Colleague: 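Dumping the structure here so I can ask a few things about it.
Here the structure is a predicted model, which is why all the values come from computation and not from measurement.
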Amino acid sequence: MVKTLNETGDSSVTVSKKKTFFATMKKQKILYFMSIPIVIYVLIFNYLPVWGWTMAFQDYRPGRSFFEQDWVGFAHFIELFNDPHFYLVLRNTLAMSILLLIAGFTIPIVFAVLLNELKDSLFKRSVQTISYLPHFVSWVVVAGIVTKMLSTDGGIVNDLLVGLNLIDQPIQFLAKGEWFWYIVTGADVWKQMGWNSIIFLAAMAGVDPQLYEAARVDGAGRFRRIWHITLPGIRPTIFVILILSIGNLIAIGFERQLLLGNSLTREYAEVLEMYALNYGIGMGRYSFGTAISIFNAMVSIFLLLIANGVFKRYSNTSVM
């Protein structure tokens, strides 16, 4: 009898939820209609390409139909994990990803805080505009600028160091593999710092100004107002961006490494996406390249779930 009542209760709750959903959908039909193009776009460009993952389990040959391909199971994954070069590439990817996460996440926050403290609105807008501009410059141009600045022939960095008597001879920065990670990190921070600070500035604009006035009356200095009002006020935004950044930890692209790297720094410059490009697409091993991409995606999903679970448990902040 109890089971019958529970089942009846559950079914009534389900029906109620369905009625509520359709009632909300009917009430907001214009919003649902406006979202249709976005849903179609996401389905076409984000979900349909996942069908291509089947190539990783085939010995894919162009020109053959799907049913004519030879299925090899996890052979390409086994080959990937048995390749010693894969672990070198994974080391480079993780090292640069962690450096980019630390510098590319903290420096925009500091920059946004400093901008938020400026009182001269004209100067503040000017600095914001100048800091945003590098984001719209392609990596080809940025790589050219970095290469010229670090050049031994008229490069501003070497000229400055020699002029200050810090070094005797110009240094070939781009020929030193052990410095490559830091050069890439510095170039990325310069390019993206202003753009990444926008969301933090928007969050700071939502902090109640009366809190600053009350803290100022209580004798709190500028640093204490930043520490006890500004940063706690944007804490949810910081956590959400950090979760998403951790989820994209190894998806760092390959443009920076490809354009700034050379034969002397290849041991430190090659990342997973370059590895997929060179040993997958470049050699016509499409199935092997797809296996590398699946590994990237699975690690990203795993890191996102872990980061989301940790932050949800200890700070009540999550993206899912």
Colleague: Can Phe223 be reached from Phe111 by stepping across I, L, V, M, F, W or Y side chains whose heavy atoms are under 4.5 Å apart?
Modeller: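 As far as the 4.5 Å side-chain criterion goes, Phe223 and Phe111 are not connected within one cluster.
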Colleague: Rounded to the nearest 0.5 Å, what separation is found between the CD1 atom of Ile301 and the CG atom of Asn308?
Modeller: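 Going from the CD1 atom of Ile301 to the CG atom of Asn308 covers 13.0 Å.
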Colleague: Side-chain heavy atoms under 4.5 angstrom apart, residues restricted to Ile, Leu, Val, Met, Phe, Trp, Tyr: same cluster for Val217 and Tyr212?
Modeller: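 Hydrophobic grouping puts Val217 apart from Tyr212.
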Colleague: Taking the six-membered ring for Trp, are Trp139 and Phe254 closer than 6.0 Å centroid to centroid?
Modeller: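 Centroid separation for Trp139 and Phe254: 6.0 Å or greater.
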Colleague: Are Val141 and Ser138 packed together at the side-chain level, in the sense that at least one heavy-atom pair is separated by less than 4.5 angstrom?
Modeller: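 Sidechains of Ser138 and Val141: in contact.
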Colleague: Report yes if the side chains of Glu273 and Asn296 come closer than 4.5 Å at any heavy-atom pair, otherwise no.
Modeller: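 Sidechains of Asn296 and Glu273: in contact.
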Colleague: Less than 3.5 Å apart, which donor and acceptor atoms pair up between the side chains of residues 26-36 and the rest of the protein, not counting sequence neighbours?
Modeller:
residue, atom, partner, partner atom, Å
Ser35, OG, Tyr32, O, 2.7

Colleague: Can a donor-acceptor pair be found, under 3.5 Å and without considering hydrogens, that links the side chain of Asn278 to the backbone of Met274?
Modeller: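 Side chain of Asn278 to backbone of Met274: a pair is present.
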Colleague: Please test Tyr275 against Asn92 for side-chain hydrogen bond (donor to acceptor under 3.5 Å, both in side chains), starting from the C-alpha separation and ending with a verdict.
Modeller: CA-CA 11 Å; Tyr275 182 61; Asn92 296 338; over 6 Å; no
Colleague: Main chain of Ile78, side chain of Asn82: is a donor-acceptor contact present, judged purely on distance under 3.5 Å?
Modeller: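 Such a contact is found between Asn82 side chain and Ile78 backbone.
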Colleague: Measure from the side-chain N and O atoms of Asn196 to the backbone N and O of Phe105, and report whether any donor-acceptor pair falls under 3.5 Å.
Modeller: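 Judged by distance alone, no pair lies under 3.5 Å.
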Colleague: What distance do Leu115 atom CG and Phe200 atom CZ have between them, rounded to the nearest 0.5 Å?
Modeller: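 If we round to the nearest 0.5 Å, Leu115:CG and Phe200:CZ are 13.0 Å apart.
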Colleague: Can you give me the closest heavy-atom contact between Asn158 and Thr152, atom names plus distance?
Modeller: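 For Asn158 versus Thr152, the nearest heavy atoms are ND2-CA, 3.8 Å.
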Colleague: If I compare all heavy atoms of Gln69 with all of Asp59, which pair ends up nearest, and what's the gap?
Modeller: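 So the two residues come closest at OE1-O, 3.6 Å.
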Colleague: In this structure, is the centre-to-centre distance between the rings of His76 and Phe57 below 6.0 Å?
Modeller: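 When the ring centroids of Phe57 and His76 are compared, they turn out to be at least 6.0 Å apart.
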Colleague: What do the steps show when you test Gln257 against Val184 for side chain to side chain contact (heavy atoms under 4.5 Å, CB included), and what is the final call?
Modeller: CA-CA 7 Å; Gln257 295 79 7; Val184 169; 4.2 Å; yes
Colleague: Considering the options Leu164, Val162, Val157, which one meets the side-chain contact (heavy atoms from CB on, under 4.5 Å) requirement together with Leu160?
Modeller: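 When side-chain contact (heavy atoms from CB on, under 4.5 Å) is applied between Leu160 and each of Leu164, Val162, Val157, only Leu164 qualifies.
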Colleague: Tell me if the centroids of the rings in Tyr132 and Phe136 come within less than 6.0 Å of each other.
Modeller: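 No, the ring centres sit 6.0 Å or more apart.
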Colleague: Can you tell me if CD on Gln169 sees more than 12 non-hydrogen neighbours from other groups inside 6.0 Å?
Modeller: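 No, not enclosed.
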Colleague: Salt-bridge test for Arg91 and Glu270: reply yes if a basic N is under 4.0 Å from a carboxylate O, no otherwise.
Modeller: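 Answer for the salt bridge query: no.
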Colleague: Who pairs with Arg224 by salt bridge (Lys or Arg N to Asp or Glu O under 4.0 Å), at least two apart in sequence or on another chain?
Modeller: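 Arg224: no salt bridge (Lys or Arg N to Asp or Glu O under 4.0 Å) contacts found.
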Colleague: Looking at Ser197 and Pro108, what are the two nearest heavy atoms and their distance?
Modeller: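 Minimum heavy-atom separation between Ser197 and Pro108: CB-O, 3.6 Å.
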Colleague: Under 3.5 Å, is there a donor-acceptor pair between the side chain of Glu79 and the main chain of Phe288?
Modeller: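 The answer is no, because no donor-acceptor pair under 3.5 Å joins these two groups.
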Colleague: For Tyr87, look at atom OH and say whether over 12 heavy atoms of other residues, nucleotides or ligands are found less than 6.0 Å away.
Modeller: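 Enclosed.
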Colleague: Mind checking whether Trp51 and Leu48 have side chains closer than 4.5 Å, heavy atoms only?
Modeller: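 Side-chain contact under 4.5 Å: no.
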Colleague: With a 4.5 Å limit on heavy-atom distance, are the side chains of Leu231 and Val113 in contact?
Modeller: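 Answer yes - side chains close enough.
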Colleague: Using the rule that two of Ile, Leu, Val, Met, Phe, Trp, Tyr join whenever any of their side-chain heavy atoms come within less than 4.5 Å, decide whether Ile130 and Val137 are in one cluster.
Modeller: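 No, because Ile130 and Val137 fall into different hydrophobic clusters, even though each may have its own neighbours under 4.5 Å.
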Colleague: Are Tyr268 and Ile102 in one and the same hydrophobic cluster, where Ile, Leu, Val, Met, Phe, Trp and Tyr link if side-chain heavy atoms are under 4.5 Å apart?
Modeller: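 No, no single cluster joins them.
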Colleague: Using a strict threshold of under 4.0 Å (side-chain N to carboxylate O), is an ion pair present between Arg61 and Asp70?
Modeller: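 No, Asp70 and Arg61 are not salt-bridged.
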Colleague: Rounded to the nearest 0.5 Å, what's the gap from CD1 on Ile156 to CD1 on Ile145? Could you check?
Modeller: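 Rounded to the nearest 0.5 Å, the CD1-CD1 separation comes out at 12.0 Å.
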Colleague: For the backbone of Leu264 and the side chain of Asn262, can you confirm whether one donor and one acceptor N or O come within less than 3.5 Å of each other?
Modeller: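 Yes, Asn262 side chain to Leu264 backbone: donor-acceptor pair under 3.5 Å.
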Colleague: Output the distance between atom OG1 (Thr129) and atom CZ (Arg125), rounded to the nearest 0.5 Å.
Modeller: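 So the gap between those two atoms works out to 8.5 Å.
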Colleague: Taking all heavy atoms of Ala291 and all of Leu80, pick out the closest pair and write down the distance.
Modeller: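 It is O-CD2, 4.3 Å.
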Colleague: With a 6.0 Å cut-off on the ring centroids, do Trp53 and Phe295 count as close?
Modeller: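 No - the distance between ring centres of Trp53 and Phe295 does not fall below the 6.0 Å cut-off.
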Colleague: Does the Thr265 side chain pair with the main chain of Phe180, one donor and one acceptor, at a distance under 3.5 Å?
Modeller: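 No, the answer is negative, given that no donor and acceptor are paired below the 3.5 Å cut-off.
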Colleague: Any idea how Phe311 and Phe239 line up, ring-wise: parallel (<30°), tilted (30 to 60°), or perpendicular (>60°)?
Modeller: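 Phe311 and Phe239: tilted rings.
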Colleague: Can you classify the ring geometry of Phe74 versus Phe77 as parallel (below 30°), tilted (30 to 60°) or perpendicular (above 60°)?
Modeller: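 The arrangement is tilted - the two ring planes meet at 30° to 60°.
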Colleague: Please report the shortest heavy-atom distance between Ala103 and Val189, naming the atom on each side.
Modeller: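 Closest heavy-atom pair between Ala103 and Val189: CB-CG2, 3.8 Å.
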Colleague: Could you check whether the rings of Phe86 and Phe81 sit parallel, tilted or perpendicular, using 30° and 60° as the cut-offs?
Modeller: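 The arrangement is perpendicular - the two ring planes meet at more than 60°.
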Colleague: Could you tell me whether the side chain of Ser287 and the main chain of Met55 form a donor-acceptor pair under 3.5 Å?
Modeller: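 Between the backbone of Met55 and the side chain of Ser287 there is a qualifying donor-acceptor contact (under 3.5 Å).
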Colleague: Can you confirm whether Leu88 is buried at CG, in the sense that more than 12 heavy atoms of other residues, nucleotides or ligands lie under 6.0 Å from that atom?
Modeller: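 More than 12 within 6.0 Å, yes.
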Colleague: Can you check whether Leu114's main-chain N or O pairs, donor with acceptor, with Glu117's side chain at less than 3.5 Å?
Modeller: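 No, the answer is negative, given that no donor and acceptor are paired below the 3.5 Å cut-off.
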Colleague: Decide side chain to side chain contact (heavy atoms under 4.5 Å, CB included) for His228 and Leu211; before the verdict, give the C-alpha distance in whole Å, the side-chain angles of both, and the deciding distance to 0.1 Å.
Modeller: CA-CA 10 Å; His228 294 288; Leu211 295 175; over 6 Å; no
Colleague: Do other residues, nucleotides or ligands put more than 12 heavy atoms under 6.0 Å from the CG atom of Leu201?
Modeller: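 It does: Leu201 CG has more than 12 such atoms within range.
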Colleague: Got a second to check how far Thr185's OG1 is from Ile107's CD1, nearest 0.5 Å?
Modeller: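 Atom-to-atom, Thr185:OG1 and Ile107:CD1 are 9.5 Å apart.
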Colleague: Do any pairs count as a salt bridge (charged side-chain N to carboxylate O under 4.0 Å, His left out) and have a residue in residues 186-213, sequence neighbours left out, and if so which ones?
Modeller: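 Every pair satisfying salt bridge (charged side-chain N to carboxylate O under 4.0 Å, His left out) with a residue in residues 186-213: Asp188-Arg256, Glu213-Arg216.
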Colleague: Look up atom OG in Ser97 and atom CD1 in Ile246, then write down how far apart they are to the nearest 0.5 Å.
Modeller: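 So the gap between those two atoms works out to 12.0 Å.
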Colleague: Look at the aromatic rings of Tyr60 and Tyr286 and report parallel, tilted or perpendicular, splitting at 30° and 60°.
Modeller: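 It falls in the perpendicular class, over 60°.
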Colleague: Would Leu150 end up clustered with Tyr182 when hydrophobic side chains under 4.5 Å apart are linked, directly or stepwise?
Modeller: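 Yes, same cluster.
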Colleague: More than 12 foreign heavy atoms under 6.0 Å from CG of Asp153: is that the case here?
Modeller: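 Atom CG in Asp153 is not packed in, count stays at 12 or less.
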Colleague: Going by heavy atoms in the side chains, are Met204 and Thr230 under 4.5 Å from each other?
Modeller: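 They are in contact (side-chain heavy atoms under 4.5 Å apart), so the answer is yes.
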Colleague: Keeping the roles fixed (side chain from Arg266, backbone from Gly261), state whether a donor-acceptor pair exists under 3.5 Å.
Modeller: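 No: the side chain of Arg266 does not pair with the backbone of Gly261.
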Colleague: What pair of heavy atoms forms the shortest contact from Ser300 to Gly247, and how long is it?
Modeller: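 In this case the closest contact between Ser300 and Gly247 is CB-O, 3.1 Å.
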Colleague: Take Phe66 and Trp71 through the ring-ring contact (aromatic ring centres under 6.0 Å, His included) test and state the conclusion after the steps.
Modeller: CA-CA 10 Å; Phe66 177 79; Trp71 292 85; 5.6 Å; yes
